[in-house]
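Worksheet: one structure, shown below.
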Amino acid sequence: MPGDLHSRLALSFARFGTRTLVEAEGKAWTYGEVEALSARLATRLAALSVAPGERVLVQTEKSVETLLLYFAVVRLGGIYLPLNVDYTEAELDYFASDATPVLAVCRTGDEPLFARIGKGVVTVTTLDSLFVDLPTEAAPPASRQPEDIAAILYTSGTTGKPKGAMLTNANLVSNGETLIQLWRFTPEDRLIHALPIFHVHGLFIAVHCVVFSGASMVFLPKFESAAVIDLMASSTVLMGVPTFYIRLLADERFTREAAAGMRLFVSGSAPLSADIHRAFESRCGHRVLERYGMTETGMLTSNPYDGERRAGFVGPPLPDVQLRIAEFETGKVLPQGEVGIVEVRGPNIFAGYWQMPEKTASEFRPDGFFITGDMGFIDTDGSVQLVGREKDLIISGGLNVYPAEVEALLDDRADVAEAAVIGVPHPDFGEAVVAVVQPAGKFDAEAVREEMRRDLAAFKVPKQIIVLDELPRNTMGKIQKKLLRERYADLFAG
Ligand code: MCA
Ligand code: AMP
């Protein structure tokens with residue numbers, strides 16, 4: 001198999017030429033059409049200076065055109081940098097300044113905003129305009145090595161600024177190859193694609209499983225249970241975050257009959273509770289296949305296709321992944337059964353954070369294992385259970401929110417003395433972001449929430465702000481977040 005991503009995609013484009021690759025809004029594109037259109041789009045991008053190693057920043061809606069843009073950038077050996085469509089100007093400005101892209105592609109109407117970000121250094125174009133009078137010639141593919149960077153995906157951190165995880169051609173190709181074997185993808189599969197395409201989950205895992213295997217997918221703009229249930233009769237696989245499964249269970253149209261034609265439901269990005277796992281099986285007869293991964297690593301573990309898919313477990317490591325449990329502070333490897341930090345090594349582990357060599361070094365052990373920040377243990381059957389996180393992170397509907405970022409915004413306000421941001425159980429999102437604030441003077445929680453929307457993507461804005469005269473502190477003066485989490489555990493219950 002080729003080690004660079006474009007060659008791997010091209011293999012499928014050639015092999016499955018006349019078969020459908022993607023459907024959206026009632027239209028269909030074959031493998032051959034996708035190759036031809038992305039090659040012509042690459043000609044346009046090359047004229048805009050996209051070349052090997054150059055970053056292309058993308059904030060566009062989910063569409064087949066965005067998918068073609070991804071393939072075109074890969075063809076030219078550029079570095080694809082997709083961003084959440086919810087990101088605000090303040091968030092975008094950081095990414096553009098840090099990544100110094102040669103080109104930014106935005107939604108029509110967002111050009112003035114994009115002209116302001118990144119100190120005006122980038123060329124800005126809209127996705128729509130890229131497709132006007134598309135050149136007829138196909139750009140020649142650039143030659144790329146497995147270790148060259150194919151994409152940068154930003155992830156936030158417990159401290160400091162978001163970090164750009166650099167994913168190589170080899171990372172993406174190897175993970176895709178492993179997963180199509182493990183999850184038995186064939187050209188007969190049709191995936192219901194309801195995830196966003198600016199994360200590893202929806203872009204690399206879902207799209208590469210489809211393209212590498214010659215399968216097809218139906219693009220939905222977002223998850224909606226009615227549309228997903230309608231598609232089940234003519235589809236075979238769904239990949240989603242736990243909220244998808246919670247919402248399907250809440251829809252009475254979701255029955256054993258509705259799911260009869262499906263062969264696989266995959267869940268990840270956040271913990272799927274054992275209760276939901278069991279409720280799903282008793283409703284439709286399928287056991288959800290839960291897997292675990294990260295932006296920096298792609299997929300790391302997966303429950304088996306055949307064999308027991310254990311509720312509450314994320315399965316054994318993938319065949320080419322080495323996984324161990326260690327003591328966080330010392331790095332001492334712990335025996336089977338003990339809880340510690342999950343550390344991993346393998347061909348799918350990223351090449352480091354963009355322009356942050358020290359940060360990169362601090363997240364790897366000297367022998368090359370990456371420290372995930374997740375806590376877990378390995379059971380007697382080799383299956384991993386995650387029991388928590390060493391990192392202070394909230395996962396809401398499969399999206400990561402780092403409390404430090406939200407706290408910094410609140411702490412900066414004149415009407416806030418100090419704020420603590422916590423995750424509490426939520427029936428739909430799994431966890432929800434809640435801020436507990438000690439005000440400095442007059443404080444209007446709803447007005448503050450509204451103002452926060454200017455600077456933060458909607459999913460990071462606290463669903464509720466609780467006002468306390470005093471935040472609980474330990475003897476060292478540190479805010480007792482654990483106590484707050486316990487106190488507000490039932491905030492969204494019922
Ligand atoms: C939307 N909102 C959210 C979320 N999504 N709030 C908290 N958490 C969220 N995840 C906001 C909306 O802006 C809106 O705010 C309000 O909540 C209600 O939105 P709703 O219509 O219910 O949301 P939705 O549009 O239906 O989206 C929910 C969703 C979506 C379907 C769960 O967030 C989603 O597709 N999540 C998947 C994310 C994902 O792909 N994660 C993978 C990354 P307001 O009303 O105030 O405006 S992790 C990864 O890639 C690693 C490698 C891995 O392991 O997979
Ligand atoms: P991200 O940085 O967005 O890629 O999120 C990665 C994090 O999501 C991991 O470090 C885990 O904490 C979490 N995660 C992903 N899959 C699972 C899962 N199946 N169960 C629990 N947590 C998960």
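Both counts, for ligands and for their atoms, begin at 1 and track the order of listing. Source: prediction; values computed, not measured.
- In this structure, atom 42 (C) of ligand 1 has protein heavy atoms in its sub-4.0 angstrom surroundings.
- Checking atom 29 (C) of ligand 1 against the protein gives no heavy-atom contact under 4.0 Å.
- Taking the six-membered ring where tryptophan is involved, the planes of H208 and F212 are essentially parallel, since the angle between them stays under 30° and well short of 60°.
- In summary, the atoms of ligand 1 found under 4.0 Å from a heavy atom of G293, numbered by their order in the structure, are 54 (O).
- Here's the thing with K463: one of its N/O atoms is less than 3.5 angstrom from an N/O atom of ligand 1.
- Salt-bridge annotation for D98 and R55: absent, with no side-chain N of the basic residue lying under 4.0 Å from a carboxylate O of the acidic one.
- The distance criterion of under 3.5 Å between nitrogen or oxygen atoms is not met by T243 with respect to ligand 1.
- Shortest contact from atom 16 (N) of ligand 2 to any protein heavy atom: S269 N, 3.1 Å.
- In terms of heavy atoms, L127 sits closest to S63 at CD2-OG, 3.8 Å.
- Of the heavy atoms in T295, only backbone atoms (N, CA, C, O) come closer than 4.0 Å to ligand 1.
- Note on ligand 2: V200 sits outside its first shell, no heavy atom being nearer than 4.0 Å.
- At under 3.5 Å, not a single nitrogen or oxygen of H199, backbone or side chain, sits near a nitrogen or oxygen of ligand 1.
- Looking at F429 against ligand 1, only its side chain comes within 4.0 Å, counting heavy atoms.
- Using a 3.5 Å distance cut-off with no hydrogens or angles, the side chains of E91 and T88 do pair a donor with an acceptor.
- Checked by atom type, the side-chain pair T168/N171 shows a donor-acceptor distance below 3.5 Å.
- Within a 6.0 Å sphere centred on CZ of R278, heavy atoms belonging to other residues, nucleotides or ligands number 12 at most.
- Of the protein's heavy atoms, R291 NH1, 2.9 Å lies nearest to atom 54 (O) of ligand 1.
- In this structure, the ring of F223 has its center no less than 6.0 angstrom from the ring center of Y245.
- Separation of the F429 and F492 ring centroids does not fall under the 6.0 Å cut-off.
- Scanning all protein heavy atoms for the shortest distance to atom 50 (O) of ligand 1 gives H201 N, 3.0 Å.
- The protein heavy-atom contact nearest to atom 9 (C) of ligand 2 is D374 OD2, 3.3 Å.
- With a 4.0 Å cut-off on non-hydrogen atoms, R247 touches ligand 1 through its side chain and not its backbone.
- Here is the list of ligand 1 atoms found below 4.0 Å of a heavy atom in L195: 40 (O).
- The shortest N or O to N or O distance between D428 and ligand 1 is not below 3.5 Å.
- Checking T66, L83, N84 one by one against F198, the side chain to side chain contact (heavy atoms under 4.5 Å, CB included) holds for a single residue, N84.
- Salt-bridge check for D251 with R253: failed, with every basic side-chain N at 4.0 Å or more from each acidic carboxylate O.
- Shortest contact from atom 52 (C) of ligand 1 to any protein heavy atom: M294 C, 3.4 Å.
- Shortest non-hydrogen contact noted between R287 and E308 is NH2-OE2, 4.1 Å.
- Nearest non-hydrogen protein atom to atom 13 (O) of ligand 1 is A458 CB, 3.2 Å.
- Remark: R389 engages E431 in a salt bridge, criterion side-chain N to carboxylate O under 4.0 Å.
- Between atom 37 (C) of ligand 1 and the options S269, G397, A432, the minimum heavy-atom separation is to G397.
- Figure legend: K163 and Y353 shown as a cation-pi pair, the cationic atom lying under 6.0 angstrom from the six-membered ring centre and within 45 degrees of its axis.
- A donor-acceptor contact shorter than 3.5 Å is absent between the side chain of E343 and the backbone of R324.
- At a heavy-atom distance under 4.0 Å, only side-chain atoms of K391, from C-beta outward, approach ligand 2.
- Taking all heavy atoms of V401, I394, L399 into account, the minimum distance to atom 33 (O) of ligand 1 is reached by L399.
- Using a 4.0 Å cut-off between heavy atoms, H199 makes no contact with ligand 2 at all.
- Looking only at protein heavy atoms, the nearest one to atom 6 (C) of ligand 2 is G293 O, 3.6 Å.
- Annotation for I246 and P427: closest pair CG2-O, 3.3 Å, computed over non-hydrogen atoms.
- A salt bridge links E407 to K481: one of the charged nitrogens lies within less than 4.0 Å of a carboxylate oxygen.
- In this structure, R453 is part of the shell of residues with a heavy atom less than 4.0 angstrom from ligand 1.
- If you check which protein heavy atom lies closest to atom 21 (O) of ligand 1, you get K222 NZ, 3.6 Å.
- Taking only nitrogen or oxygen atoms, main chain and side chain alike, G398 reaches within less than 3.5 Å of ligand 1.
- Annotation: cation-pi pair R291/Y305 absent, no NZ/CZ under 6.0 Å from the ring centroid and within 45° of its normal.
- Closest heavy-atom contact between S225 and R247: CB-O, 4.2 Å.
- Side-chain contact of R8 with S12: a donor-acceptor pair under 3.5 Å is present, judged by distance alone.
- Considering both main-chain and side-chain atoms, S396 comes within under 3.5 Å of ligand 1 through a nitrogen or oxygen pair.
- At a 4.0 Å cut-off, not a single heavy atom of K460 sits close enough to ligand 1 to count as contact.
- Residue-level proximity to ligand 1 for H426 is absent, since no heavy atom of it falls below 4.0 angstrom.
- Contacts with ligand 2 closer than 4.0 Å are made by side-chain heavy atoms of I395 only, the backbone lying farther away.
- Aromatic rings from F254 and F280 are positioned such that their centres are separated by under 6.0 Å.
- The contact set between ligand 1 and V241, taken as ligand atoms under 4.0 Å from a residue heavy atom, comprises 37 (C).
- At a 4.0 Å cut-off, not a single heavy atom of G373 sits close enough to ligand 2 to count as contact.
- Among all protein heavy atoms, the one lying closest to atom 3 (O) of ligand 2 is N400 ND2, 2.9 Å.
- Proximity to V200 (heavy-atom distance under 4.0 Å) selects the following atoms of ligand 1: 50 (O), 52 (C).
- Of the protein's heavy atoms, P271 N, 3.4 Å lies nearest to atom 21 (C) of ligand 2.
- Below 3.5 Å of separation, one finds no N or O of R449 facing any N or O of ligand 1.
- Only the backbone of A270 comes within 4.0 Å of ligand 2, counting heavy atoms alone; no side-chain atom from C-beta on gets that close.
- Residue P196 places a heavy atom less than 4.0 Å from ligand 1.
- The single protein non-hydrogen atom nearest to atom 19 (N) of ligand 2 is R291 O, 2.7 Å, given as residue, atom name and distance.
- For the residue pair D189/T236, the side-chain donor-acceptor check at 3.5 Å is satisfied.
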